[in-house]
Amino acid sequence: MILFREAGPDDLDGVRRLYRQLHPHDPVIEDGSDAAAYERILGSPGLSLFVLDLDGVVVATTYLNVIPNLTRSASPYAVVENVVVDEILRGTGLGRRIMAGTLQAAWDAGCYKAMLMTGSRTPATHAFYRACGFSPDAKTAYLARPS
């Protein structure tokens, strides 16, 4: 059985495993700071870490940030990050399923839009996001990083 749900305290290892697939070259964190960040995420209003649970195993995840806003009739907007489906299950519809649940959570929170960025240049990734309802033509994204 596949269940879309918010992540809980016991899901950290499953989420970490998927994030290693997303960013395999990131250093392994051994000082516990990732667990502390995970606890802050789970406890923060407006931040939702979602998972797809397949028979007790986390097989997909998204991270929804609902941001208060003063424009658009004071309607919040959403930013979706860290979209990952287990590499052995990609192409099975799980990505669309978790994105549908994530977007519904954004709409239920009153968001007037949802945005995401991808660093992927893979055409299939862009086709996936378009199939989920995202338009690459609506906005231009810029990214700054500390020097």
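Quick caveat, the model's predicted, so the values are computed rather than measured.
Arg16 and Ala35 make their closest contact through NH2-CB, 4.3 Å (heavy atoms, listed as atom of the first residue, atom of the second, distance). Shortest non-hydrogen contact noted between Leu42 and Ala7 is CD2-O, 3.5 Å. Shown here for Ser120 and Thr125, the closest heavy-atom pair between the two residues is OG-OG1, 3.2 Å. Residues Pro76 and Gly110 come closest through the heavy atom pair CD-O, 3.5 Å.
Counting heavy atoms from C-beta on, the side chains of Arg20 and Val28 come closer than 4.5 Å. Considering only heavy atoms from C-beta on, Gln104 stays 4.5 Å or farther from Phe4 through its side chain. Tyr129 is listed as a side-chain neighbour of Val83, based on a closest heavy-atom distance under 4.5 Å. Inter-residue side-chain proximity for Val66 and Ser48 is flagged as unmet; no heavy-atom pair is nearer than 4.5 Å.
Looking at Asn82, its side chain never comes within 3.5 Å of a backbone N or O of Thr62 through a donor-acceptor pair. The main-chain N or O of Gly8 is found under 3.5 Å from a side-chain atom of Tyr38 such that the two form a donor-acceptor pair. Thr122 contributes no side-chain N or O that, together with a main-chain N or O of Ala124, makes up a donor-acceptor pair within less than 3.5 Å.
There is no path of hydrophobic side-chain contacts, each under 4.5 Å, that joins Met99 to Leu18. Residues Leu49 and Val85 do not share a hydrophobic cluster, defined by chaining ILVMFWY side chains whose heavy atoms lie under 4.5 Å apart. The hydrophobic clustering, which links ILVMFWY residues whose side-chain heavy atoms are closer than 4.5 Å, places Trp107 and Val80 together. Linking ILVMFWY side-chain heavy atoms closer than 4.5 Å, directly or via other members, places Ile98 and Ile2 in a single hydrophobic cluster. Taken together through direct or relayed side-chain contacts under 4.5 Å among Ile, Leu, Val, Met, Phe, Trp and Tyr, Leu22 and Ile41 form part of one hydrophobic cluster.
The distance from atom CE of Met117 to atom CG of Leu143, rounded to the nearest 0.5 Å, is 5.0 Å. Atoms CZ and CG, on Phe134 and Leu116 in that order, are 4.0 Å from each other to the nearest 0.5 Å. The distance from atom OG1 of Thr71 to atom OH of Tyr112, rounded to the nearest 0.5 Å, is 4.5 Å. Here CG of Asp11 is found 11.0 Å from CD of Glu6. Values are rounded to the nearest 0.5 Å. Distance CG/Leu52 to CZ/Arg97: 6.5 Å, rounded to 0.5 Å. Atom-to-atom distance recorded for Ser75:OG and Leu70:CG is 11.0 Å, nearest 0.5 angstrom.
Applying the side-chain hydrogen bond (donor to acceptor under 3.5 Å, both in side chains) test to Thr61 and every residue at least two apart in sequence or in another chain returns nothing.
Remark: of the listed residues Leu47, Val15, Val84, Leu47 is the sole one forming a side-chain contact (heavy atoms from CB on, under 4.5 Å) with Tyr63.
Applying the salt bridge (Lys or Arg N to Asp or Glu O under 4.0 Å) test to residues at least two apart or on different chains, the pairs with a partner in residues 71-94 are Arg17-Asp86.
Atom CZ of Arg96 sits in a sparse spot, with 12 or fewer heavy atoms from other residues, nucleotides or ligands closer than 6.0 Å.
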